[in-house]
Amino acid sequence: MAHAYIEDLSKHVGQEVEIRGWLYNRRESGSIQFLIFRDGTGLVQGVLTKKDPAFEKAKQLSQESSVKVCGTVKEEKRAPGGYELILKDFEIVQRVEGDYPISHKEHGPDFLLNHRHLWMRTPRQAAILRVRHEVMQAMRDFFDERGFIATESPIFTPSACEGTTTLFEVNYFDENKAYLSQSGQLYLEATAMALGRVYWIGPAFRAEKSKTRKHLTEFWMLEAEMAYFEQPQNIELQEALVKYIVQRCLEKRVRELNDLGRNTSMLEAVLKEPFARLLYNDAIKLCNELCKEKIAKGEVEEIPWGGDFGAPHEEALGAHFGRPVFIEKMPAMMKAFYMEPDPANPDLVLAADLIAPEGYGELIGGSQRISDIDLLKKRLKEFGLPEEPYQWYIDLRKYGGVPHSGFGMGVERTVSWICGLEHLREAIPFPRTIYRLTP
RNA sequence: UCCCCGAUAGCUCAGCGGUAGAGCGGCCGGCUGUUAACCGGUAGGUCGUAGGUUCGAAUCCUACUCGGGGAGCCA
């Protein structure tokens, strides 16, 4: 008998197939039973009536028992998904004894996170992880189609990339300390000088005691770095990338997005017109104007020049534009040491953040990097950073330095935004937050 | 690190000073098209921990622990 995956059942109408999976739910009504199976690709309803030989045996099937089932695929409007299996026989691979922790009723976040290894089996969580796969795959395809080289940067690093945020420290033999990378950017700059245009998707670690729905201590980041790219090209590439990812998810994961209850018109709107662009100076004015009433009530803080955007400001910007917004040319002192100053105003840097609509926060942070060796050394000094550990990074400007640009994009934030999630912790298989290291 | 909220059955919660409750899940039984099916029965609890107030505390007070939401920082 031919094995089939549930997502392909529409191609097997009238045929007898084998499904290998788990029992999601069972309902019984005297002389008819409905068994819902899942196999990782979707859900399908199986039907058994009293006259079927397997009818009695099916009563042993408990939630999440693993089974191989045989049946004929039938188009059926009354069945969820539109197809059902007229069951012939099944083999119990392993029967679940007693109760299964995750019921079909509501659960609290703590309970669900403690059972993340089982929670992922629920249709909603599985759908999110399928969208995550699509987002990652779209990222790779986007760069591969454009001739970028996929590369890697190290996880163990000798010190901070940017020197500001908190790092996780680990023992590295004998007396040495190593730190988990919070960004691969500096290494990607070196790689870009070897390979031209490079990207990687890897983990990043931040030991910040952030306690919000927009933060994880371990998250995945897409980073790209391009030799001979100046900031306008950099931004153009970012916009094309975001549109590519959204387009792909709309094409290939509509079923998942619908199951998640995502309003896809919000995503379709993203594709229609160019992203909004604002200079930092204008952006703070606009934010303060948009949040005027709340600032007056003391609910939201006014952004001073040189201040960063808070969550309420980002939300207000998203609501105002209804599509992603680039905020360009921030004051140099609020950004990292390696950013290229704006030739028109050296107090500003050629950087841009991409703010997602619907309050999902900063999706991308990018900039043109300093290519002049003397300026880089000067900046290190201004930021109070020692030259010695950055010697190899300075070398990139000594041996054939060129203008170059790049950016970093948060994978979980992107997945969260596309899926319309409440919390980042649903966008990664095993979330790590300040108070959670298990399972 | 700061502010707010919570902890009662396996799960979600009600009870808020006087004998510990419901729904779901488990188990047993009933029901021919169910959609988190439904109906009946049944088992299941040191009321987060420690102290205090009181004749009496799940309930009021204090501390601690754990968790949730938000701020800051950032992706």
Side-chain angles (χ1 to χ4, degrees), chain A residues 24-36 43 45-52 55 59 62-64 74 76-82 84 86 96-115 118-119 122-124 162 164-166 182-185 201-223 299-301 307-315 334-336 353-356 360-366 407-417 422-425 427-428 433-436:
Chain A
Y24 174 69
N25 198 11
R26 189 171 70 86
R27 283 187 292 273
E28 192 190 342
S29 173
S31 36
I32 189 163
Q33 280 186 65
F34 298 97
L35 302 108
I36 315 273
L43 295 174
Q45 170 170 289
V47 185
L48 272 176
T49 51
K50 202 156 197 170
K51 60 183 191 311
D52 294 316
F55 188 83
K59 292 182 177 175
S62 45
Q63 191 187 352
E64 287 302 315
K74 185 188 162 198
E76 171 59 71
K77 286 201 179 67
R78 288 172 291 183
E84 72 180 10
I86 308 302
V96 173
E97 306 287 343
D99 61 350
Y100 177 75
I102 313 258
S103 74
H104 295 138
K105 294 281 177 178
E106 278 179 33
H107 296 284
D110 188 42
F111 176 82
L112 289 171
L113 287 164
N114 285 335
H115 294 83
L118 301 176
W119 184 28
T122 61
R124 176 182 164 82
E162 304 181 17
T164 49
T165 35
T166 331
Q182 55 176 358
S183 161
Q185 185 206 310
I201 302 174
F205 306 89
R206 304 268 165 101
E208 293 150 355
K209 294 194 171 178
S210 297
K211 241 192 100 177
T212 80
R213 63 177 84 179
K214 291 197 188 80
H215 293 87
L216 298 169
T217 53
E218 177 182 312
F219 65 98
W220 286 69
M221 192 152 61
L222 162 71
E223 293 180 280
E299 290 168 7
V300 171
E301 279 180 45
D308 221 330
F309 299 86
H313 310 110
E314 287 176 351
E315 210 153 315
M334 64 184 278
K335 302 302 274 186
D353 287 344
L354 181 67
I355 309 297
Y360 282 93
E362 196 182 322
L363 239 41
I364 294 181
F407 62 91
M409 179 173 193
V411 170
E412 288 77 16
R413 284 194 185 172
T414 306
V415 172
S416 258
W417 167 52
E422 285 292 311
H423 203 299
L424 226 50
R425 66 190 162 204
I428 184 166
T433 58
I434 171 168
Y435 296 126
R436 185 168 296 281

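From a predicted model like this one, the values you see are computed outputs, not experimental measurements. We name chains A, B, ... by the order of the sequence lines, and we start the count at 1 in each one. All values below were derived from every heavy atom in this structure, side-chain atoms included, with hydrogens, water molecules and symmetry-related copies excluded.
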G-U wobble or Watson-Crick pairing nucleotide for [N] (cut-off 3.5 Å, both distances):
N	result
B:C38	B:G30
B:G48	B:C64
B:G18	B:C55
B:A43	none
B:U1	B:A71
B:G25	none

Taking the [atom1] atom of each, how far is [N] from [M], in whole Å?
N	M	atom1	result
B:C2	B:G45	P	40 Å
B:G40	B:A57	C1'	37 Å
B:U46	B:U8	C1'	12 Å
B:G17	B:C5	C1'	24 Å
B:U1	B:G15	P	34 Å
B:G44	B:U53	C1'	33 Å
B:A9	B:C64	C1'	25 Å
B:G69	B:U62	P	25 Å

Heavy atoms under 4.0 Å, any strand shown: does [X] hit a base, just sugar-phosphate, or nothing?
X	answer
A:Leu216	base
A:Glu84	base
A:Pro101	nothing
A:Phe111	sugar-phosphate
A:Gln63	nothing
A:Glu412	nothing
A:Asp308	sugar-phosphate
A:Ile364	sugar-phosphate

Taking atom [atom2] of [N] as reference, at what distance in whole Å does atom [atom1] of [X] sit?
X	N	atom1	atom2	value
A:Leu112	B:G67	CG	P	15 Å
A:Arg26	B:C38	CZ	C1'	14 Å
A:Glu28	B:G29	CD	P	10 Å
A:Glu208	B:C2	CD	P	17 Å
A:Lys51	B:G33	NZ	P	13 Å
A:Phe219	B:C73	CZ	C1'	12 Å
A:Met334	B:G72	CE	C1'	14 Å
A:Ile434	B:C66	CD1	C1'	13 Å

Any idea which of [options] is nearest the [X] side chain?
X	options	result
A:Glu76	B:A75, B:C24, B:G33	B:G33
A:Asn25	B:C31, B:A37, B:U34	B:A37
A:Glu314	B:A75, B:G33, B:C74	B:C74
A:Arg436	B:U35, B:U32, B:G67	B:G67
A:Ser29	B:C31, B:U34, B:G25	B:C31
A:Asp110	B:G10, B:U32, B:G67	B:G67
A:His215	B:A75, B:C11, B:U34	B:A75
A:Leu424	B:G33, B:C11, B:A75	B:A75

Flag, side chain of [X] to backbone of [Y], donor-acceptor distance under 3.5 Å:
X	Y	value
A:Glu314	A:Ile355	no
A:Ser62	A:Val96	yes
A:His313	A:Phe309	no

task = Please determine if a side-chain N or O atom of A:Arg27 lies less than 4.0 Å away from the OP1 or OP2 oxygen of B:A37.
result =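 Checking A:Arg27 against B:A37: at least one side-chain N or O falls below 4.0 Å of OP1 or OP2.
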query = At under 4.0 Å, does any side-chain N or O of A:Ser31 touch on OP1 or OP2 of B:U32?
reply = yes
inquiry  = Need to verify one output field. Residue with the more 5' nearest nucleotide on RNA chain B, A:Val96 or A:Lys335?
reply    = A:Val96
request  = Taking the side chain as every heavy atom from C-beta outward, state whether A:Glu28 and A:Lys59 have any pair of such atoms under 4.5 Å apart.
outcome  = yes
ask   = Between A:Asn25 and A:Gln63, is any pair of side-chain heavy atoms under 4.5 Å apart?
value =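 Result no, sub-4.5 Å side-chain heavy-atom pair not found.
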request  = Go through A:Lys51 and A:Thr49 one step at a time and tell me if the side-chain hydrogen bond (donor to acceptor under 3.5 Å, both in side chains) criterion holds.
outcome  = CA-CA 6 Å; A:Lys51 60 183 191 311; A:Thr49 51; 3.1 Å; yes
query = Do A:Arg26 and A:Gln33 meet the criterion of a side-chain donor-acceptor pair at a distance under 3.5 Å?
reply = yes
query = Going from CG on A:Asp52 to CD1 on A:Ile86, what distance comes out if it is rounded to the nearest 0.5 angstrom?
reply = 9.0 Å
request  = With A:Glu84 as reference, evaluate A:Lys77, A:Arg78, A:Gln45 under the side-chain hydrogen bond (donor to acceptor under 3.5 Å, both in side chains) test and give the passing residue.
outcome  =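 Result: among A:Lys77, A:Arg78, A:Gln45, A:Gln45 is the only option passing the side-chain hydrogen bond (donor to acceptor under 3.5 Å, both in side chains) with A:Glu84.
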task = Inspect the contact between A:Arg413 and A:Glu362 and indicate whether a charged nitrogen and a carboxylate oxygen are less than 4.0 angstrom apart.
result =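 Salt bridge flag = no for A:Arg413 with A:Glu362.
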request  = Start with the C-alpha distance between A:Lys335 and A:Asp353, add both sets of side-chain angles, then the distance that settles salt bridge (charged side-chain N to carboxylate O under 4.0 Å, His left out), and finish with yes or no.
outcome  = CA-CA 11 Å; A:Lys335 302 302 274 186; A:Asp353 287 344; 3.4 Å; yes
Just the atom pairs and distances: protein N or O near nucleotides 69-71 of chain B's N or O, under 3.5 Å.
residue	atom	partner	partner atom	Å
B:G69	OP1	A:Arg425	NH1	3.4
B:G69	OP1	A:Arg425	NH2	3.0
B:G69	O3'	A:Arg213	NH2	3.0
B:G69	O6	A:Lys211	NZ	3.4
B:G70	OP1	A:Arg213	NE	2.0
B:G70	OP1	A:Arg213	NH2	2.1
B:G70	OP2	A:Arg213	NE	3.3
B:G70	N7	A:Lys211	O	3.3

